[in-house]
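A quick write-up on the structure given underneath.
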Amino acid sequence: MASESLKYDFSMNIEKNRRATFVDWPFDEDDGSKCTSDKMAEAGFYHSPTDRDPDVARCFVCFKELEGWEPEDDPWQEHKKHSPRCTFLLTKNKNSEDITIEEFLDIEVKRQENRVNKILQNSIKEFEDIAKTVRTEMEKLVH
């Protein structure tokens, strides 16, 4: 399940692809909003909604997921606050048209590291949840 949600992230290295994910983004209608879909995509985010959290946005490099966006939230500042070491934020040329091949490769290497770590963390959590359930069932058998 974890790897399913991270499968298509490679195409998110292109800003217009990230922008296209913001379907029905609530802050595009607000003229004064700092977190429009354009600004979100520029800051490295793409829309990754869930049934519980319809405004989840995820960075395509560090995979940091943020939700609870407000019109006055600045995507760059929120990204920096919650993931200050994100390689995308540290890249000199953040505009996908200006990025050098070296920068692209640095970002992609870090993105792959982060992706593998995220999948591993999710797998460990899933394993721990199953182990807890099995342990509870085994204790019922002993008592």
Side-chain angles (χ1 to χ4, degrees), residues 1-30 33-96 98-143:
M1 184 171 142
S3 59
E4 289 297 314
S5 66
L6 300 175
K7 216 184 244 186
Y8 70 97
D9 287 319
F10 181 75
S11 67
M12 295 301 119
N13 63 24
I14 298 171
E15 190 176 310
K16 80 172 184 171
N17 292 348
R18 294 193 299 270
R19 189 175 292 113
T21 65
F22 287 91
V23 177
D24 297 325
W25 186 246
F27 305 109
D28 284 340
E29 304 299 319
D30 184 350
S33 179
K34 290 184 180 179
C35 64
T36 63
S37 56
D38 287 344
K39 292 175 184 174
M40 295 291 288
E42 288 169 7
F45 291 109
Y46 62 94
H47 196 199
S48 184
T50 66
D51 291 339
R52 278 188 310 140
D53 298 309
D55 69 339
V56 174
R58 177 188 291 155
C59 172
F60 80 102
V61 177
C62 67
F63 298 101
K64 183 68 176 178
E65 292 181 344
L66 299 176
E67 45 91 19
W69 292 93
E70 299 293 334
E72 64 276 0
D73 291 337
D74 179 325
W76 286 105
Q77 293 304 315
E78 293 299 316
H79 198 168
K80 188 175 183 177
K81 180 168 74 173
H82 295 283
S83 191
R85 303 186 83 204
C86 176
T87 303
F88 180 73
L89 294 175
L90 302 175
T91 302
K92 182 179 169 193
N93 295 311
K94 294 172 186 74
N95 185 326
S96 57
D98 297 333
I99 200 163
T100 66
I101 291 175
E102 184 178 358
E103 289 171 325
F104 173 81
L105 293 174
D106 287 344
I107 288 171
E108 184 56 22
V109 166
K110 193 59 179 174
R111 190 188 75 77
Q112 288 296 336
E113 286 177 17
N114 292 338
R115 181 178 169 273
V116 168
N117 284 332
K118 181 101 171 167
I119 290 169
L120 180 61
Q121 289 170 2
N122 290 344
S123 296
I124 290 170
K125 170 97 172 77
E126 191 175 313
F127 175 81
E128 288 172 342
D129 290 346
I130 292 169
K132 184 177 178 182
T133 301
V134 169
R135 185 177 303 117
T136 301
E137 292 301 316
M138 289 175 69
E139 287 173 356
K140 288 179 184 175
L141 293 172
V142 173
H143 298 279

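Given the structure is predicted, the values throughout are model-derived calculations rather than measurements.
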- What is the distance from atom NZ of Lys39 to atom CH2 of Trp76, rounded to the nearest 0.5 Å? 12.5 Å
- Contacts of type side chain to side chain donor-acceptor pair (under 3.5 Å), residue Lys132, not counting sequence neighbours: none
- Note on the structure: Value for CG (Asp55) from SG (Cys35), rounded to nearest 0.5 Å, stands at 8.5 Å
- State, with a plain yes or no, whether a side-chain heavy atom of Lys64 is found less than 4.5 Å away from one of Phe45. no
- Heavy-atom pair of closest approach, residues Phe63 and Phe60: CZ-O, 3.9 Å
- Note on the structure: Hits for side-chain contact (heavy atoms from CB on, under 4.5 Å) against Lys81, two or more places apart or cross-chain, chain-then-number order -> Glu78
- Task: Salt-bridge test for Asp73 and Lys34: reply yes if a basic N is under 4.0 Å from a carboxylate O, no otherwise.
- Result: no
- Query: So, for Ala57 and Trp69, which heavy atoms are closest and what is the spacing to 0.1 Å?
  - Reply: CB-NE1, 3.8 Å
- Task: Enter the distance from Ile101:CD1 to Asp106:CG here, rounded to the nearest 0.5 Å.
- Result: 12.0 Å
- For side-chain contact (heavy atoms from CB on, under 4.5 Å), just list the numbers for Glu67 and Thr50, CA-CA rounded to whole Å, side-chain angles, deciding distance to a tenth of an Å, and then say yes or no. CA-CA 10 Å; Glu67 45 91 19; Thr50 66; over 6 Å; no
- Could you please spell out the steps behind the side-chain contact (heavy atoms from CB on, under 4.5 Å) verdict for Met138 and Val134? CA-CA 6 Å; Met138 289 175 69; Val134 169; 3.8 Å; yes
- Task: Output, in order, the C-alpha distance, side-chain angles, deciding distance and verdict of side-chain contact (heavy atoms from CB on, under 4.5 Å) for Ile107 and Ile99.
- Result: CA-CA 10 Å; Ile107 288 171; Ile99 200 163; 3.4 Å; yes
- With sequence neighbours excluded, what pairs up with Asn17 under the side chain to side chain donor-acceptor pair (under 3.5 Å) test? none
- Partners passing ring-ring contact (aromatic ring centres under 6.0 Å, His included) against Phe27 (at least two apart in sequence or in another chain): Trp25
- Task: Check the angle between the aromatic planes of His79 and Phe88 and answer parallel, tilted or perpendicular using the 30° and 60° thresholds.
- Result: parallel
- Those residues at least two apart in sequence (or on a different chain) that pass salt bridge (Lys or Arg N to Asp or Glu O under 4.0 Å) with Asp129 are Lys125
- Query: Which heavy atom of Arg18 sits nearest a heavy atom of Met12, and at what distance?
  - Reply: NH1-O, 2.6 Å
- Query: If you count the non-hydrogen atoms of other residues, nucleotides and ligands that lie under 6.0 Å from CD in Glu29, is the total more than 12?
  - Reply: no
- Query: Any sub-3.5 Å donor-acceptor pair from His47's side-chain atoms to Ala20's backbone N or O?
  - Reply: no
- Atom CD in Glu128, atom OG1 in Thr133: separation rounded to 0.5 Å? 12.0 Å
- Here the gap from Lys110 atom NZ to Cys62 atom SG, rounded to the nearest 0.5 Å, amounts to 10.0 Å
- Under the side-chain contact (heavy atoms from CB on, under 4.5 Å) rule, what do Cys86 and Cys59 come out as? Steps first, then yes or no, please. CA-CA 9 Å; Cys86 176; Cys59 172; 3.7 Å; yes
- Task: Report the distance from atom CZ of Arg115 to atom CD of Glu108, rounding to the nearest 0.5 Å.
- Result: 9.5 Å
- Sequence neighbours left out, what passes side chain to side chain donor-acceptor pair (under 3.5 Å) with Asp28? Give chain and number order. Ser37
